[in-house]
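I have placed the structure first, in the form of structure tokens, so that the comments after it can refer back to it.
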Amino acid sequence: MSPHENRPLDGRYWEEHWQSIGEDALGEGGEAANPYVVSETSGLGCGTALDAGCGAGAEAVWLAEQGWDVTGADISPTALAKARRRAEAAGLGSAVRWVEADLMAWEPGERWDLVMTSYAHPPGSQIDFYRRISRWVAPGGTLLVVGHLHGSGVMSGDEAPEGTTVSLEHVAGLFDGGDWTIETARQNVRTATARDGSAVEMRDVVVRARRLRQRGGGPARE
């Protein structure tokens, strides 16, 4: 998801964003799952998973294909409708639970073995968002954050707006010690294909952290 207007990234924004993207722009079967999600979760044992800010469902459906019991949550009903169609096309119509929710206000009342987010941009601080969703990771479970690095471009080729990018140090610092152990912390540059077929350079932050079983009650460090 790639906002590029200076306006609140609220439900209205994201509903307009997803309404503006036709099915043809997503390609046959939808966009491919984020490559970091594929590489960082392939070695994990399957269990329950939450895709926080699931958009059109690429990662949620991919996880379900691997055997995860998946919940996909997003603020946009149009995005969720696209995600449902993608799951149905993959023969996984009943394998993913879709939830319409403002993730900065939602209280799910449960925890998951994997909580992941990929380029999701809530209203407010990215770091507050990562801190919030980390509380939904079960003891022994994994949090995976994929975000835009400061100064990065987004899929449209535009510069990512202020407030939607992060530094590796700031994200990793949330999980440095305490209830967590960091298993991946890196920044990377890759070339991706935008919806119009053009190539765009992506500068990414990838952090994967595991919540320790013996201390699993608390949130990420402030």
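The heavy-atom pair separating K82 from I21 by the smallest distance is NZ-O, 2.8 Å. Heavy-atom minimum distance, L149 versus L168: CD1-N, 4.3 Å. Counting all heavy atoms, side chain and backbone alike, R111 lies closest to T48 at O-OG1, 4.3 Å. Closest non-hydrogen pair, S134 versus R211, comes out as O-NH2, 2.7 Å. In terms of heavy-atom proximity, L50 sits nearest to A73 at CD1-CB, 4.2 Å. In plain terms, the two heavy atoms of G53 and L103 that are nearest each other are N-CD1, 3.2 Å.
Interatomic distance, L44 CG to R208 CZ, rounded to the nearest 0.5 Å: 5.5 Å. Here S94 contributes atom OG and E88 contributes atom CD; the two are 9.5 Å apart, rounded to the nearest 0.5 Å. We find the CD-OG1 distance between Q19 and T78 to be 4.0 Å, quoted to the nearest 0.5 Å. Rounding to the nearest 0.5 Å gives a distance of 12.0 Å between CG of D128 and CD1 of I133. Here the CG-CD distance, from D176 to E169, works out to 11.5 Å after rounding to the nearest 0.5 Å. Distance check: L143 CG to M116 CE gives 10.0 Å after rounding to the nearest 0.5 Å.
Put simply, the side chain of Q187 never gets that close to the backbone of V206: no donor and acceptor are under 3.5 Å apart. In this structure, the side chain of D74 engages the main chain of G55 through a donor-acceptor pair within 3.5 Å. In this structure, the side chain of Q66 does not engage the main chain of C46 through any donor-acceptor pair within 3.5 Å.
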Side chain to side chain contact (heavy atoms under 4.5 Å, CB included) between Y36 and N188, intermediate numbers included
CA-CA 10 Å; Y36 303 118; N188 188 55; 3.0 Å; yes
Is there a side chain to side chain contact (heavy atoms under 4.5 Å, CB included) between E59 and Y119? Walk through the geometry before answering.
CA-CA 11 Å; E59 289 73 36; Y119 304 142; over 6 Å; no
Evaluate V137 against T142 for side chain to side chain contact (heavy atoms under 4.5 Å, CB included), listing each step before the verdict.
CA-CA 6 Å; V137 178; T142 295; 5.7 Å; no
Would T164 and Q126 count as a side-chain hydrogen bond (donor to acceptor under 3.5 Å, both in side chains) if you check the C-alpha gap in whole Å, the side-chain angles of each, and the deciding distance to 0.1 Å?
CA-CA 6 Å; T164 64; Q126 287 289 138; 5.9 Å; no
Would you please test C54 and T117 for side chain to side chain contact (heavy atoms under 4.5 Å, CB included) and show each step?
CA-CA 7 Å; C54 64; T117 188; over 6 Å; no
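Here E110 pairs with R97 in a salt bridge; the nearest charged N to carboxylate O distance falls below 4.0 Å. Between E16 and R12 there is a salt bridge, since at least one side-chain N of the basic residue sits less than 4.0 Å from a carboxylate O of the acidic one. In summary, R135 and E107 do not engage in a salt bridge, as defined by a charged side-chain N under 4.0 Å from a carboxylate O.
A side-chain donor-acceptor contact under 3.5 Å links E15 and S76.
By the 30° and 60° cut-offs, the orientation of the rings of F175 relative to W180 is perpendicular. Using bins of under 30°, 30° to 60° and over 60° for the plane-to-plane angle, the ring pair H17/W14 lands in the perpendicular bin. Between W106 and W136, the ring planes are perpendicular. Angles over 60° get that label, and only those under 30° would be called parallel.
Inter-residue side-chain proximity for V96 and T71 is flagged as unmet; no heavy-atom pair is nearer than 4.5 Å. By the 4.5 Å heavy-atom criterion applied to side chains, T41 and W62 are counted as neighbours. In this structure, L114 and L63 have side chains that are in contact, with non-hydrogen atoms separated by less than 4.5 Å. Under the 4.5 Å side-chain criterion, counting only non-hydrogen atoms from C-beta, R190 is not in contact with R203. Side-chain atoms of I127 and V171, non-hydrogen and from C-beta on, do get closer than 4.5 Å to each other.
Applying the ring-ring contact (aromatic ring centres under 6.0 Å, His included) test to residues at least two apart or on different chains, none of the pairs has a partner in residues 63-86.
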